[in-house]
Amino acid sequence: MSAPLRGRRIGAGRTPWILVLPALAGVLFLLLPFAGLLVRAPWPTLGARLLTPEVRAALLLSLTTASVATAISLLLGIPLAWVLARTSFPGRRLVRALVTVPMVIPPVVGGVALLLAFGRSGVLGRYLYDWFGYSMPFTPAAVVAAQVFVAMPFLVISVEGALRGADTRYEEAAATLGASRAVIFRRVTLPMVMPGVGAGAVLCWARSLGEFGATITFAGNFPGRTQTMPIAVYVAMQTDPQSAIVLSLVLLLVSLVILVGLRERWVGSL
Amino acid sequence: MSTDSLYTRLVVSRPGFRLDMELSAAPGEVVALLGPNGAGKSTALRALAGLLPLTRGRILLEGRDITALPTESRPIGMVFQDYLLFAHMSALENVAFGPRCRGTDKRRARREAAEFLARVGLGDHARSRPAALSGGQAQRVALARALAVRPRLLLLDEPLSALDAHTRLTVRSQLRRHLDDFDGAAIVVTHDPLEAMVLADRVTILEHGTVVQNGTPAEVAQHPRTEYVARLVGLNLYRGRARGTTVDIGSGPGSARIAAREPGRGEVFVAFPPRAVALYRERPTGSPRNTWRLTIDGIERLGDQVRVHLDGELALSAEITPAALAELRMEPGEKAWACVKATEVDSYPA
């Protein structure tokens, strides 16, 4: 019964071209650059270029820092999301707005702000240096800090949304069974919002992996120490475009593997 | 009363609503809180569980004042309306959750949980996730989960309302058995009078945040004290002044007179069942004492009977057979004669 209906709808030319044409143009615009990457890739020398120490170091640094940044974001972001979703205190709305600021400001500005806060003469960095002799800028830690700064808000927003959508009566049920608030959070709330946590973690990781502006401003560009994949791509583009293509392909592949691998489990809610 | 297991006065005020009630229950007694939507039943239950703060009042459970205790420290077990089983845990883990939270070690908690599941007849479903259980099974897991913490007060919020009519019958009788076995006090919130009658030893009726009636199911069914209860148990109910067997309902032009079976004095309730009412087109000969000329308000089907609503000097419902209705050949808006034998009319002090 539905088949002839569907046939008639398409055959009768009812499809609104005013929507389909821009949609097609949009898809092409998104896909063509990838096609360009694949077409222009130096396939014969791909393996050799991939195995250079510089590429391996940049890839390793990117994967490590993005993972550490995601772990830190989870550790700080989930409690922050809980506080924003489940408690009320004066200024809660303001805090929530401030938390999302890094999502909208240009990352370079974030990098400058991080320097002003944690630089050797920064608001906080001054004391870190005076008391402990520790200087964060231009270290792998600075790479992680830059990534956490720009990526954690994605996780917070995602988890907060999941918490707001979760049915709090399950938490009440747990309380009647004798569970303390900490136990309720760990054994009832967290499992309930796991899809949101997973989606947020993937977003956070992907954003960290691609971080460029804040990183190069706050952590600089030291091969092997702070030169992440995106920075390596940018640098290679100036001197050796073929390598830039290879690096871009690697980044693309890593992102796709993560997205496809986790889609079934978590990203369904994205 | 020292024999009470639960004694409580609950006052919860919020804009536009105030609950103010006393409630008590003996050990092993099942008390049904019955009332229309918005009467405050669930509010009372949540206050007992500590999920809602009391404006005033206190809760004594087996002589101990638990008013100030947070929910997780109260010796209660609660069965929620849609069970609220934790979806990411198996049936066994759901039941073991309470004992674990109350300090039982993991292996013992699991063993006890298995025993409670077996007791509700779900020993084979220990590994099932809640999503794989039927409504009736989920209800039993919820009951096992509440009982597994060995509560001294069991709270059940509309425990059968999420079930279909067929399952409800079976689950209701099973629930009755488990409640019989439970030695603490149990409070069942329901809006279904039949559920209250079957499950409870005593029925407390709540309307607009106050208790309007309290008694055994039989007492409440025979002698309703408010319109709501009368409608629930299917009786025509009036309040009036008795002189001998004659009861005057209201005063002035809207007044009516009802003859009752037994003599009374002063303020009384009079009640009679709709099936005791006979309807006629013409004034019946012999004229029994309770004869009124009333306007037909509405006619509805009720099982294999017909319910006719009438209004006039008295508002009443009559239950007649479809054959009788056919013989009557009457429509809403027409006037009919309604008769009730005095021997069918019950009167009791207000």
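Just so it is clear, the values below take in all heavy atoms, side chains as well, and ignore hydrogens, waters and symmetry mates. Predicted, not measured: the structure shown is a model, and the values here were computed from it. Naming: A, B, ... by sequence-line order, numbering from 1 per chain.
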A quick test of your reading: do over 12 heavy atoms of other residues, nucleotides or ligands sit less than 6.0 Å from [atom1] of [X]?
X	atom1	answer
Arg58(B)	CZ	no
Arg181(A)	CZ	no
Arg110(B)	CZ	no
Phe29(A)	CZ	no
Arg164(A)	CZ	yes
Tyr127(A)	OH	no

message = Using a 4.5 Å heavy-atom cutoff, which residues in residues 63-95 of chain B come close to chain A?
response = Thr71(B), Glu72(B), Ile76(B), Met78(B), Phe80(B), Asp82(B), Leu84(B), Leu85(B), Phe86(B), His88(B), Met89(B)

query = Which of residues 111-149 of chain B have a heavy atom under 4.5 Å from any heavy atom of chain A?
reply = Arg145(B), Val149(B)

remark   = Checked Pro191(A), Gly178(A), Ala179(A) vs chain B; the most non-hydrogen pairs under 4.5 Å come from Gly178(A)

key: From CD (Glu172(A)) to CG (Leu52(B)), nearest 0.5 Å   = 9.0 Å

ask   = Heavy-atom distance under 4.5 Å to chain B: side chain of Val188(A), backbone, both or neither?
value = both

